[in-house]
Structures are given as structure tokens and as C-alpha cells.
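Here is how names work: the chains are called A, B, and so on, in the same order as the sequence lines, proteins then strands, and each is numbered from 1.
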Amino acid sequence: MAGEIILETKGLTKEFKGFVAVNNVDLQVRRGDIHALIGPNGAGKTTFFNLLTKFLPPTRGTITYAGQDITHEKPAQTARRGIVRSFQISAVFPHMTVLENVRAALQRNLGTSFHFWKPEKSLYHLHERARELLAQVDLQDFAEELTVNLPYGRKRALELATTMALEPDLMLLDEPTQGMGHEDVSRVTQLIKKVSAGRTILMVEHNMNVVSSIADRITVLQRGAVIADGPYSEVSKNPQVIEAYMGSADNELQGAH
Amino acid sequence: MTTQSPTLAADVPASPSAQPAQGIGKTARYTYLALLAVALAAPAIGLYPVFMMKLLCFALFACAFNLLLGFTGLLSFGHAAFFGFSAYVTGWVIKAQGWTPELGLAAGIVTSALLGLVFGLVAIRRQGIYFAMITLALSQMVFFVCLQAKFTGGEDGLQGVPRGALFRLLPLEDDRVMYYVVLAIFLACFLGILRIVTSPFGQVLKMIRENEPRAISLGYQVDRYKLLAFVLSASLAGLAGSLKTLVMKFATLSDVHWSMSGEVILMSLLGGVGTFFGPVLGAGVVISLQDILADKVGEWVTVIIGAIFVVCVLAFRKGIVGELLALLERRRARKGA
Amino acid sequence: MEIFGIPHQAFLGQLMLGLVNGAFYAMLSLGLAVIFGLLDIVNFAHGALYMVGAFAAWIMLDKWGVNYWWALVLAPLAVGVLGALIERLFLKRLYGLDPLYGLLLTFGLSLILEGVFRTEYGVSGQAYSVPEQLAGATNLGFMILPNYRAWVVVASITVCLLTWFVIERTRLGAYLRAGTENAKLVQAFGVNVPVMVTLTYGAGAALAGLAGVLAAPVIQVTPLMGSNLIIVVFAVVVIGGMGSILGSVITGLLLGVIEGFTRVFYPEASAIVVFVIMAIVLVLRPAGLFGKEA
Amino acid sequence: MPANEFLRIENLNAWYGESHVLHGVNLTVNEGEVVSLLGRNGAGRTTTMRAIVGLTGRRTGSIRIRGTEAIKLPPHKVARLGVGYCPEERGIFASLSAEENLMLPPTVGPGGMGIAEIYDMFPNLKERASSPGTRLSGGEQQMLAVARILRTGARLLLLDEISEGLAPVIVQKLADMIRALKAKGYTIVLVEQNFRFAAPLADRFYVMEHGKIVREFEQSQLQDNMSMLQEYLGV
Amino acid sequence: QSQSGPVRIGMITDMASLYADIDGPAGVEMVKWAVEDFGGKVLNRPIEVLSADHQNKADVAASKAREWIDSQNLAMLVGGTSSGTNLAMAGVTKEKKRPFISIGAGSARLTNEDCSPYTVHYAYDTVALAKVAGSALIKAGAKKWFFLTADYAFGQSLEADATKVIKENGGTVVGSVKHPLNASDFSSFLLQAQGSKADILAMANAGGDFVNAMKAAKEFGITKQMKVAGLLVFINDVHSIGLNSTEGLQLADSWYWNQDDESRKFAKRFFDKFKRMPSSLQAADYSATMNYLKAVQKVGTTDADKVMAELKSMKYNDFYQKNGSVRADGRMMHDMYLFQVKSPKESTTPWDYYKLMAKVPADQAFTTVAESKCSLLKK
Ligand SMILES: Nc1ncnc2c1ncn2[C@@H]1O[C@H](COP(=O)(O)OP(=O)(O)OP(=O)(O)O)[C@@H](O)[C@H]1O
Ligand SMILES: Nc1ncnc2c1ncn2[C@@H]1O[C@H](COP(=O)(O)OP(=O)(O)OP(=O)(O)O)[C@@H](O)[C@H]1O
Ligand SMILES: [Mg+2]
Ligand SMILES: [Mg+2]
């Protein structure tokens with residue numbers, strides 16, 4: 001299955017009152033890849049994500065997901081197709097336990113979410129799967145903890161676990177390591193690598209260490225348009241990319257962090 | 001100013017399962033048992049049954065309201081519409097159409113559920129204070145409809161509604177019989193609310209309250225959940241209104257007026273938003289106060305009610321029950337430490 | 001000549017009257033929008049402050065012989081000071097909490113204010129006569145327009161535009177708008193935010209007070225005059241969308257006119273037409289006419 | 001007090017509500033110096049900055065800014081002593097345009113940068129000047145947050161994670177900017193996760209852990225301290 | 001019904017709101033005065049006066065009445081202002097069988113379709129207002145009428161009753177506009193009235209609505225173009241609008257403080273205490289209580305049926321009314337008056353507001369037996 005195109009945009013464009021934030025972007029994401037989207041500030045990366053998740057309607061262009069045109073679907077529909085976006089700031093339910101957080105995501109597929117007459121017990125059978133997911137991100141020991149009390153990096157981990165509970169095919173991550181200390185950066189990087197098994201990941205990231213270590217493919221945006229596309233080794237040598245994004249050549253591999 | 005703001009909804013753990021220790025649970029259980037005993041014995045120990053019934057009706061109303069504010073995080077400023085309109089509908093079908101009391105109550109619930117659906121569809125799309133203001137304005141529409149419509153009797157009210165006999169068996173004209181019927185309905189609804197809050201549906205409500213964008217991103221169509229919560233709350237509020245018609249034998253405009261919406265907020269706030277027993281206590285305090293104050297201080301009633309509001313908001317945001325629970329919690333924490 | 005089946009004279013007359021009412025809606029919703037927009041408080045006490053403004057004018061005239069023109073300055077000032085006190089004593093403690101608490105607190109305050117005036121002055125209402133300079137009426141051909149009402153329209157539109165200018169186009173306005181979002185940070189930049197907030201609430205209250213003074217000669221001054229109006233003004237604000245100060249002004253005027261015409265075509269509905277419009281607008285444009293989509 | 005001491009913090013304790021976050025912080029920053037605070041997530045670096053400006057809850061101890069005791073002062077008075085604060089969360093105002101955001105902070109001293117100079121440094125901002133502040137991209141907002149306090153004439157700049165979310169090119173530019181500011185005699189406190197950014201810029205380093213300063217060393221001692229930093233920061 | 005312990009008379013009225021001035025606390029005081037003047041005791045039992053504020057809410061009124069009867073053994077209930085509350089109290093007293101004297105209610109339903117053997121409707125009703133003011137005004141030349149009506153049951157029945165009278169007397173109704181209760185702005189309605197070319201603008205509203213409408217009518221120059229009549233006007237309303245804006249207004253009432261020496265004596269006593277003149281309702285409060293006590297004294301019991309029988313057979317002569325009697329439907333039959341408001345010049349002393357235009361005998365003022373739907377009359 002690898003190599004198959006799971007997500008494709010054609011001529012995707014977004015204008016804000018005459019300002020073109022995303023300009024005629026043709027992008028192909030292959031199933032199973034960790035695909036990084038980089039580019040200078042204001043290049044249109046976040047806007048592009050917003051278009052994919054339907055938080056913004058595109059001005060022009062199409063989005064195809066697994067062969068189907070999803071350009072005009074609603075956010076919730078897109079989510080149900082398995083395109084899930086992780087939020088930048090810790091998106092958790094703070095006053096629920098870690099386990100309940102994951103259960104919240106599992107509960108959706110149960111189909112009993114409108115059943116206001118059933119007892120809570122009817123959800124307990126989800127705990128097993130929830131614990132499995134927690135184990136995947138090393139949170140098994142924190143299951144009964146209230147989420148507010150977790151340190152920052154662990155919250156990110158929990159968020160990943162919750163996201164995975166939705167069994168996403170395509171995960172969209174916007175600057176997943178932003179604001180993290182070095183330990184957390186490497187922990188989360190490893191996590192991403194780990195959960196990428198069997199899924200596709202599209203991520204925006206300024207930390208070149210992260211990008212270079214896990215990304216299979218990189219697309220560079222500048223002023224809304226794609227200027228380079230390919231594996232890291234290729235893209236990082238592209239002079240246009242160096243000038244627009246990475247800065248002077250001696251910084252090339254070191255990146256921002 | 002905008003900062004991460006604690007919401008009105010429960011800080012207090014809502015589901016019993018989230019209450020970590022046995023201590024609180026036990027205290028609560030004994031308190032509930034004692035209260036139940038008092039409620040059962042009320043007519044025998046000389047409590048005026050009409051007053052007790054009125055109190056239960058308002059307690060149910062407040063609990064219904066709290067289901068929305070406390071457990072969903074939506075402040076409706078228009079709940080009087082459900083309470084009052086159902087009161088009229090029940091009164092009218094019984095008095096003018098000769099329906100039996102049980103059918104009258106059912107008519108009230110159905111009407112308020114439908115009304116709740118309409119309100120919900122319009123209001124759910126906005127949040128926070130907008131939601132509050134929209135429900136307020138919508139309820140004002142209902143008020144004017146009641147004022148205009150022939151069947152409500154305008155400002156004279158719908159009077160002389162016979163209580164009849166429940167299932168053609170229980171003669172409700174007897175205050176005592178009526179009292180136990182009201183008590184039974186109240187208890188059933190109270191337990192029903194407990195169940196709703198802890199059900200799978202209740203879990204989703206909790207998610208929405210905690211972090212709505214997150215709930216959306218998990219694929220929950222939150223508007224539908226809110227809508228169902230709204231309809232449930234409206235139905236129960238309507239039932240409370242219908243019951244009140246039966247008890248008092250009439251329905252009037254003051255039940256639909258927005259100040260009634262204000263009153264039910266006060267009851268919940270005073271007793272403790274997001275606690276189970278708070279609204280009941282709050283209703284008890286407010287109704288008794290009004291009863292006592294109206295004669296003692298006359299015109300100052302509004303001032304005193306207003307002052308209670310202010311004090312609650314400034315000093316007792318958790319309400320009586322909420323503050324008590326917090327106190328117990330702190331005690332326990334100190335002991336544990 | 002007829003417009004919509006009514007003589008065009010009557011039509012123009014009703015339009016004029018609608019504007020007069022709209023002027024009050026505009027001023028009140030403006031004050032609400034300022035307080036809400038800048039302090040994130042739904043000021044339920046706005047109606048009560050409006051009432052206090054009218055009473056202040058009446059008391060000044062009745063007890064101290066202060067004439068209308070002085071009252072036009074002094075009464076809003078007094079209400080402004082009352083507002084500032086309310087902010088200092090109560091609202092201040094609620095910043096950082098759910099804005100709904102502000103709504104509930106001001107609701108309580110409005111009960112108190114109304115109750116106090118009720119015990120003091122009863123409910124039957126006090127008469128405040130139109131100042132001599134504005135007494136009399138002008139025959140516009142299509143209607144007899146009392147001069148005072150014309151003055152109300154002019155005065156209120158002027159005040160609204162001035163307020164809009166201060167908020168949207170001045171540096172002070174920028175502080176205010178920024179303060180709404182993150183007061184602490186604005187303060188950390190060197191702006192004395194607490195004083196600014198107090199003054200803003202005071203100014204919003206003063207606007208309500210001013211509307212009250214303007215209204216005093218038109219209607220009876222009663223303790224209930226505010227609570228009758230406040231919910232309609234809320235609806236106006238929801239329709240306008242609170243997105244822009246100017247939006248609330250335009251919506252206010254517009255609804256005054258619409259309500260005026262309803263009185264002609266279907267008087268029974270005049271009390272609810274605003275709410276009906278609100279429901280329709282919300283269904284079509286959830287953020288209101290001028291509101292920004294969230 | 002020596003004339004060149006710009007900021008002197010002694011035994012600073014700070015709380016957020018009930019939780020005690022700073023436990024007796026001591027540090028000094030001399031005029032014209034760039035000082036970097038290092039530490040893990042949650043060590044209390046942001047809190048230290050916020051405490052200086054007066055944005056935490058309760059605080060005790062002493063904060064002297066150019067000799068004036070500021071521990072009891074409200075934030076706006078602290079700012080007027082010549083302090084400019086660039087918060088970690090950027091604090092861009094949605095209801096103000098980019099340019100209004102830029103012009104917002106009142107002048108607190110002489111010698112601030114001109115608008116032209118600022119636009120020169122961050123051309124993105126010029127291009128987006130009339131956009132609502134929060135419609136800017138993440139990185140543009142970061143630029144705006146820094147640019148904003150350069151205008152005010154503040155001589156002590158508290159910069160919290162300013163390289164965050166910026167493209168490597170821009171980060172390099174920021175580094176150049178800080179050098180330029182230092183040359184102009186500004187005093188700067190830098191909080192950075194991005195050690196590689198802060199390392200070459202700072203004259204002195206403080207390391208924080210659990211709300212306390214645990215180490216202090218100079219630029220010249222940087223190499224000797226690398227293993228210690230490894231331990232504290234995982235660098 | 002126990003015949004020992006204190007005799008409790010209850011009064012439920014609006015104590016603080018819209019109608020508090022025309023009845024309210026002063027009305028309660030009138031009941032207490034009557035009790036005092038009677039000697040404080042009847043049948044050797046002390047008399048107690050209970051009072052409560054119904055806030056214009058029928059439910060409050062009814063539950064208070066029910067509670068008093070259930071737990072205080074109330075002997076008689078006086079109903080204050082507002083029709084809704086009085087209908088509610090009538091319902092309770094009918095069910096519980098206690099004498100109920102309604103003073104301030106306007107609705108003629110109390111003695112018509114909703115009549116009760118235990119109700120006495122004491123002061124006035126909408127039918128009387130319409131008949132007295134309507135026929136007098138038509139006779140004075142007002143043929144074409146335009147109504148400004150408060151859009152609720154009271155206003156509507158006032159308009160309906162008046163329309164009937166107008167038609168019977170050869171007048172026509174050329175238009176009518178309904179305004180919401182507590183409307184703050186009447187200009188638009190008045191503009192419509194202005195366009196109607198009617199001779200007379202009749203205001204079928206009360207209290208604050210009447211006051212506001214009256215002021216606006218003056219402001220828009222309507223008073224210059226047509227006559228204005230108020231169908232339910234109390235002296236307190238005239239006082240608060242001022243003679244400038246009300247001069248020439250014609251109105252119907254059951255009593256005026258300055259109508260004879262007895263009335264003036266009562267009024268002076270009232271004025272000394274309250275610094276204003278009594279309304280007809282407050283006078284009626286006193287009169288009703290006094291007459292009830294006399295009836296109790298006469299029959300020697302507070303038993304409801306016996307007292308009601310006496311109330312319906314006795315004659316009423318006091319400062320409030322002459323030769324009054326209570327009909328089987330509970331309607332108190334007494335003379336009604338048509339007054340005209342004086343001009344500021346004509347008014348010589350404070351509160352000297354009315355001049356008497358006509359005295360209308362009871363049988364012409366109230367619903368006739370033929371018109372009535374009350375079953376008590378048909379026996
Ligand atoms: N809603 C909007 N209205 C107007 N302009 C917008 C809007 N959203 C984004 N923009 C503009 O579009 C451009 C692209 O923004 P976007 O947020 O996509 O950038 P980005 O690539 O994510 O940058 P960064 O790396 O700094 O986060 C920016 O110049 C921004 O100012
Ligand atoms: N508003 C707040 N309320 C309560 N605790 C807080 C608050 N802000 C921060 N804290 C706590 O204070 C401690 C110090 O936080 P601070 O933000 O100063 O750390 P930092 O060193 O800047 O870390 P980071 O790298 O995450 O920015 C942390 O444990 C944090 O959880
Ligand atoms: Mg971005
Ligand atoms: Mg920090």
C-alpha cells in the first residue's frame with residue numbers, strides 16, 4: 001500500500017481580502033509517510049492546514065482524500081473520515097482523569113453518546129483499550145491522575161494518545177514541539193515516530209532537528225506557493241530554501257534549535 | 001476581562017464516581033435519608049402541604065435549570081418560558097378540554113420539549129452571554145404570546161383548574177394525596193437527573209463543559225448534545241410548571257415573566273450550581289424567604305433578593321452546598337496531608 | 001399618495017417617530033456595547049442606570065431647581081460616578097471569572113437600584129416637563145413633531161458618533177480595545193488600566209444616564225422604566241452583534257423605525273417584533289448583523 | 001548600590017493563587033548587559049519575568065529597578081521605570097490592527113526605535129500592517145510582539161522565548177538585533193528554550209530549577225559548564 | 001368555621017407596585033381605621049387585620065388567601081386592586097366559602113360570568129365606567145370615537161363595554177389601536193388617532209399607561225384637535241400628570257373626596273396622615289370593612305352564609321355612598337359620578353381637581369339583571 005497517494009490538493013488557493021495566503025498549491029502526501037511542511041513565517045502553512053480540516057473554505061482548488069473529493073465537506077465529516085488535527089496548545093479535558101480523556105475519544109464510536117438513560121458503567125469496557133493506548137505513549141502509570149496535574153510534555157503525549165484513539169489515518173500536527181524543553185522535544189519526536197506506524201502524518205515544524213530526524217518527505221512553502229518538495233537531503237541543499245528559510249549555509253543542518 | 005476563566009458550571013466533582021473518598025458520599029447519603037424522612041413526614045409534622053408542594057415544584061424547576069447550567073455550562077435566562085408556558089398548557093387542557101391530570105402533565109412536558117427544541121435551535125449556535133441574552137429575548141416572546149393569547153386569560157391568568165383524580169383513582173383535591181404525588185414525581189425526576197449526568201451522554205456534556213473545541217475535534221457534534229441537554233432541561237422545567245398548575249389550581253403570567261428566570265438562577269446560584277442538592281436547597285431558601293419577607297419587609301423584597309444575588313456572586317460563588325462540599329474537601333485534604 | 005397602503009404623510013410621521021425611539025435604543029445599546037466590548041460585562045444594570053439618570057434629573061429639578069440643561073450635564077455625571085463606584089466595589093472582583101458572573105451581579109444590582117427607588121418614590125411615576133427652549137412643536141406638513149423629540153434624535157446621534165470616534169479612532173480607544181483582551185498586559189506596557197476600566201464603566205453608565213435625562217421629558221420617570229427597556233435593548237445588541245460600536249448604533253436606529261412601522265401595521269406585534277427579528281437574524285447570521293464570525 | 005546595576009532582585013517569592021512558584025530568587029542585571037535565564041519547562045523563568053513586571057499573584061522580596069523599589073508597584077508604574085516586556089504567549093490584540101498593536105505601548109523613555117527602522121527589520125509587518133493582529137501568522141505575531149517594545153524607549157527588555165516558532169532565518173535576524181541593541185546600551189534579560197540561540201548572545205547565565213537560581217556563570221565559563229547544563233537542561 | 005378566637009380580616013392588595021398609590025398600604029390602613037372606629041372587637045372577639053402584597057400576581061393572591069383560610073381561620077377577605085388577583089381570590093373564597101369584598105378590581109366578570117355567592121363587588125366595574133362616561137360624552141356631542149386601548153383583558157373589556165354603550169346611544173367607533181401594557185411610547189398610536197378625524201379619543205387603559213398617553217397627547221397637539229377622555233382615571237393619576245395636561249378631561253368614579261362634608265371629613269383625616277387625598281378605592285376600603293363588621297354584629301356570627309345574607313339585605317349609608325345595596329350577584333349598587341378635571345385656574349385649593357358633571361343612578365350605571373349572565377340573578 002505504501003506509495004499510494006492518500007491526500008492530494010490541486011490548485012488549492014486561499015485569499016484574504018486580496019491577500020493570497022495559499023497560492024495554487026499542488027501537494028501529494030503518500031500513505032504511511034511522515035510529511036513535513038516547512039517555510040518562512042507567514043508562508044501559509046497554518047492556513048493550509050485550516051483548509052485541509054475545513055476550518056476555512058478554500059477560494060479555489062480541490063482537496064482529494066483517498067480518492068474522494070472532500071473539498072466541500074464539513075469539519076466534522078472530515079474528522080469522521082479519519083483526518084484528525086492535533087491542537088497547538090494542550091487540548092485536553094483538564095478536570096477529567098487521563099483515562100477518561102482517552103475514553104472520551106473511544107466513546108464516540110460506541111454510538112451510545114446520546115443515551116442519557118444508561119449508566120456510566122456502560123462505558124467501563126472501554127477502559128482496556130484506553131489503557132493500551134496510554135501504554136503506547138508511556139502514560140499507563142498516570143491513568144487515574146487528573147489531567148491538570150500533568151507536566152507539559154505529558155499532556156502532549158496524552159493528546160497524542162487521545163488522537164490515536166480516533167484511529168486516524170491522517171494526522172495533522174502543527175508545530176508539535178513548540179515551547180518544549182529539549183527533553184520533551186526528543187520525547188515527542190520519538191512519540192511521533194512511534195505512532196506513525198500504519199498512519200500518515202503531515203506536520204508543520206520549525207525545528208529542523210525534528211524534521212531532519214523523522215520526516216520522510218518535505219514540502220517548502222513560501223508566500224503561499226510551493227518552492228521545493230522532496231526528501232530532506234535534497235531540499236536542505238536547495239539554495240532558494242536556504243535563502244528563504246534556513247538562513248546562511250553554515251546553519252543549514254543545525255536549524256533553529 | 002478575557003483570561004482563562006473558571007466557568008459557572010461545576011467546580012465540584014459532578015459524578016459520584018469522581019468523588020474520590022467515601023467520606024463525602026456517606027455524609028451525603030445520611031443527609032439525603034434524613035431529608036427524605038422529613039419530606040415523607042411533612043404533612044404529619046404540621047408543615048403546610050400547599051407550601052411544601054410549591055417548594056417541590058420550584059425545587060424541580062431549579063434542578064432542571066441546573067442540569068443545563070451546572071452540568072452543561074449553558075446559562076439560560078429564559079427558563080421561565082418553559083415553566084410558565086407548560087403551566088398554561090396543562091391548565092388549559094384540564095380546564096377547557098377536560099383532560100385528566102396525568103394527560104395534562106404529559107401535555108405540559110411535550111409542549112415544553114417542543115418549545116425547548118425551538119429555543120435550542122435558535123440559541124445553541126451562540127455561546128456564553130449571547131446564549132443567555134438570546135434565551136432571555138425568546139422567552140420574552142413567549143411572554144407576549146401568553147399575554148395575547150385568548151386561552152391564557154391574559155393578565156387575569158388561567159384560574160380554577162380542577163386537580164381531578166390521578167388515573168381516575170387518586171383524588172388530588174385532597175392536599176395530602178396531592179403532596180405525595182408531587183413528592184413522588186419530584187424524587188423520580190431528581191434521580192433521573194442524577195442518571196443523565198452520569199450517563200454516556202452526561203460524559204459528553206462534561207467534555208463540552210471542560211473544553212468545547214477539543215470535544216469538537218474528537219468528532220462530537222456538540223450542538224446536538226447541547227440541544228438534547230436543552231430539551232431535557234426544558235421538559236423537566238415544563239413538568240415543574242405543569243405540576244405547579246395542578247397544585248395551585250391556576251397558571252399566571254408571572255410564571256412566564258423573565259423575573260421568574262432570574263429567580264430560578266438565584267435558586268441554583270444560592271444553593272450551588274453544579275451540585276445535585278444545591279438547587280433544591282436554593283429553591284427552599286428563596287421560596288421561604290419570599291414567603292416570610294413579603295409580609296415583613298414589604299417593598300424591600302426586591303432589594304433583599306438583589307442583595308442576595310450580589311453577595312452570592314461576590315462571596316459564595318459555589319453556593320451553599322458547593323461551599324460546604326469545598327469545606328469538607330479541604331478538611332479531608334488537610335487530614336490526608 | 002400611499003406607501004404600503006398608508007398615506008405617505010402618516011408614513012413619514014411614523015418614520016420620524018421610529019427614529020426618536022431608535023435614538024434611545026442606539027444610545028442604550030451603545031453604552032451596553034462599550035461596557036461589553038471593553039470590559040466583557042453584560043451590564044444588566046444598564047436599564048437601572050438609565051432610570052437613575054432620569055430620576056437624577058427629576059430630583060435635581062424638583063428638589064434643587066436645577067434646570068434641564070444643567071441636568072443634562074450633571075445627571076450623567078452623577079450616574080457615571082455611581083457606575084465608577086459599582087465597578088470599584090463589585091465588578092472589580094469578578095475580572096478573570098466567567099463573564100456570566102458579571103451578568104448575574106449586575107442583575108442583582110438592578111434589582112437593588114430599582115427596589116430602592118421604588119420604596120422611595122413609588123411606581124406611579126414623576127412628571128418632568130419639557131424645557132422651555134424646546135417646548136412647542138413644529139408642523140412638518142406630514143406631522144406635528146414636538147421640538148423636543150427632534151432634539152433627542154440630534155443629541156443622541158451626535159453622542160453616538162463621538163463615542164464611536166473616541167473608541168475606534170483615538171489612542172485612548174486603542175488602549176481600551178486592547179484592555180478588553182488582555183488588561184494585565186496593557187498595564188504592563190505602562191497604561192493605568194484599573195483607572196481606565198473604572199472610567200470606562202463610568203462612561204458607559206453615564207451614557208445610560210444621559211439617555212435617561214433625555215427620556216425624562218418624553219415619558220414618566222418611574223423606577224420601572226429601565227427594566228421595561230433593557231431586554232429590548234439586549235435584543236438590539238444581539239441583532240447588531242456587538243461586533244462594532246457603530247453597528248449597535250445603526251441597529252438601534254433601524255429597530256426603532258421597524259418597531260414604529262409595526263405599530264401601524266400590526267400593533268399587537270409591536271412588543272415582540274424586535275425579538276422576532278432577533279430570531280430571524282440569528283438563524284441567518286448567527287453572529288448578528290455587524291458581528292464578526294467567531 | 002553601584003551605578004551600573006539596572007535590576008537587582010533579592011529573595012523574590014511569587015505565588016499564583018495558592019501555589020508558591022518562586023522560592024527566593026536572587027539575581028542582578030547590570031546596565032548594558034545581556035543576561036539569559038536557563039531552565040527546564042516549569043522552572044519558573046517566565047514567572048520571574050512576570051513577577052518583575054507585577055503580573056503574578058502575590059509576591060514578596062525586593063525588586064529594585066535603577067534603584068527604585070518596585071515590589072509594591074502596580075504594573076503600569078513598573079513599566080514607567082523603563083521596562084519593556086515581551087510575553088511568552090505574545091499577547092497580540094485581535095481587535096487592533098498590526099500597526100495599532102505596534103503603536104500601542106506608550107512611550108516610557110527617550111530613544112525608542114522609529115517605525116521605519118522597525119519595518120526595515122521586519123518587512124512582513126509592514127506588508128500586514130492593516131490586518132487584525134491575530135490574523136498574522138504565528139511567526140509574524142512573534143515579530144510584532146518584539147517590535148512593539150522596541151518603540152517605547154524602555155531600556156530594560158524582558159524577552160520571553162522570542163525565537164519560538166520563527167523560521168531559522170528570522171532567528172538569525174533576531175540574534176543580530178539583540179547584538180545591535182546591546183551595542184546601543186540596552187539591558188536585556190533573555191529567557192530561551194532555544195539554547196543555541198541564547199548561548200552566543202548572553203554575557204551571563206543564570207540557571208533556574210524549582211523556582212530558585214541554582215547556578216550563575218559568565219559567557220567565558222560557558223564551555224566549562226556544558227556538562228552541568230546537560231544535566232539541568234538535557235542540552 | 002370556628003366561632004372563637006380573633007376575627008381575622010385579611011386584605012390582599014398591591015402594596016408596592018403599579019397600583020400601590022391608589023390603594024396599597026394606605027388602603028390597608030383604611031381597613032384598620034374601620035376596625036378601630038368600630039371598637040376593635042366584634043361579638044366580644046378581638047378583630048385582627050392581616051395584610052399581604054400580591055405584587056399584581058394572581059398566584060400570590062390566591063395562595064395567600066388559601067393559606068390564611070387554611071391556617072388562620074380568616075373570617076373575611078378584602079381584595080385590593082387588579083382584576084386578575086381579585087378573580088383568583090374570588091375563586092378561592094368560593095371554594096372555601098368565605099365572604100370576599102372586592103374593592104379595586106375593574107372586571108365586571110366578578111359579578112357576571114364568574115359570580116360567586118360569597119363575592120361582593122364594592123366600588124366600580126368596567127361596565128359602570130363605560131356607561132357613565134360613554135353616555136355622558138355622547139350626549140355632550142362626541143359622536144365619533146377612537147380608542148386607545150391597553151392590549152390586555154382589562155383594556156379590552158373596557159373598550160368592548162364602552163363600544164356597546166356608544167352604539168346604543170347612536171355614536172360610532174371610527175377606529176381603535178391597541179398598545180402593549182406598560183408601553184413607554186405612545187406617539188405612534190396617537191399619530192394614528194390624529195389621522196382618524198374622530199371627535200373623541202377615549203383611553204381604555206390605566207395607571208402609568210394612561211399617564212404617559214395623556215402627556216404625549218398634549219405634546220402632539222391632540223388635545224387641541226379632539227376631546228380626550230379617560231375611562232379609568234384615579235385622582236392620583238390626575239395629580240401626577242398635573243392639571244395643565246389633564247384639564248377638561250372627563251372621567252367616571254364612584255367617589256370624590258370633595259363631594260360633601262362627610263367625605264371632606266374623611267379626606268382630611270386621611271390627608272393628615274398621608275399628605276395626599278384618598279382615592280375612591282381607599283374610601284371604599286373603609287366603608288366596606290365598617291359595613292361588614294356591622295353585618296357580623298347584627299347576625300351575631302361570622303358564619304359566611306349568614307353574613308352574606310345580611311350583606312345582601314342591608315342598606316348602605318355612609319360617607320362613601322347613599323342608599324347602596326348589594327344585589328344577589330354580589331354587585332354593590334350605588335350611584336356613580338361623572339367628573340370633569342378643572343383647569344389650573346379653577347382649582348383653588350390643593351387637590352381641588354374635579355367638578356361634578358352628572359350623577360348616574362345605580363340602575364343606569366351597572367350591568368342590568370337582563371344583561372347579566374350570573375346564575376345567582378336568574379333564580
Ligand atoms: N484570517 C486571515 N485574514 C487575513 N490574513 C490572514 C489570515 N490568516 C492568515 N493570514 C495571513 O496569511 C499569511 C499566512 O499565514 P499562516 O498562518 O498560514 O502562516 P504560517 O505559514 O503558518 O506561518 P508561521 O510559521 O509564522 O506560523 C500570513 O501573512 C497571515 O498574515
Ligand atoms: N497561571 C498559573 N497558575 C498556576 N500555576 C502556574 C501558572 N503559570 C505557571 N504556573 C506554574 O509555575 C511554574 C513555573 O512556570 P513558568 O511558566 O514560570 O516556567 P518556565 O520556566 O517559564 O517554563 P516554560 O518553559 O514552560 O515556559 C510551573 O510549575 C507552572 O505550572
Ligand atoms: Mg503557523
Ligand atoms: Mg516560560
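In this structure, the portion of Phe77(B) lying under 4.5 Å from any heavy atom of chain C is its side chain and not its backbone. Heavy-atom distances place both the backbone and the side chain of Ala307(B) under 4.5 Å from chain C. Contact annotation for Phe234(C): both backbone and side-chain heavy atoms come within less than 4.5 Å of a heavy atom of chain B. Neither the backbone nor the side chain of Val274(C) comes within contact range of chain B, judged by heavy atoms closer than 4.5 Å. With a 4.5 angstrom heavy-atom cutoff, Ser110(C) does not touch chain B via any of its atoms.
Considering OG1 of Thr302(B) and CZ of Phe117(C), their distance stands at 13.0 Å, rounded to 0.5 Å. Taken from OH in Tyr101(C) to SG in Cys312(B), the straight-line distance is 10.0 Å, to the nearest 0.5 Å. One distance of note links CZ of Arg317(B) with CG of Leu94(C); it measures 6.0 Å at 0.5 Å rounding. With values rounded to the nearest 0.5 angstrom, Ile308(B) atom CD1 is found 10.0 Å from Ile112(C) atom CD1. Atom OG of Ser139(B) is separated from atom CD1 of Ile231(C) by 7.0 Å, given to the nearest 0.5 angstrom.
Across all their heavy atoms, Gln140(B) and Ile272(C) have their closest contact at O-CG2, 4.5 Å. Scanning all heavy atoms of the two residues, the minimum distance from Gly108(C) to Phe309(B) falls at CA-CB, 3.6 Å.
Residue Arg224(B) qualifies as open at atom CZ: its count of foreign heavy atoms under 6.0 Å is 12 or below.
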Step by step, would you call Val313(B) with Arg93(C) a side chain to side chain contact (heavy atoms under 4.5 Å, CB included)?
-> CA-CA 10 Å; Val313(B) 171; Arg93(C) 295 159 206 268; over 6 Å; no
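Each of Leu147(B), Ile305(B), Ile134(B) has some count of heavy-atom pairs under 4.5 Å with chain C, and the biggest count is that of Ile134(B). When Leu111(C), Ile41(C), Leu103(C) are compared by the number of non-hydrogen pairs under 4.5 Å with chain B, Leu111(C) comes out ahead.
Aromatic rings from Trp258(B) and Phe44(C) are positioned such that their centres are separated by under 6.0 Å.
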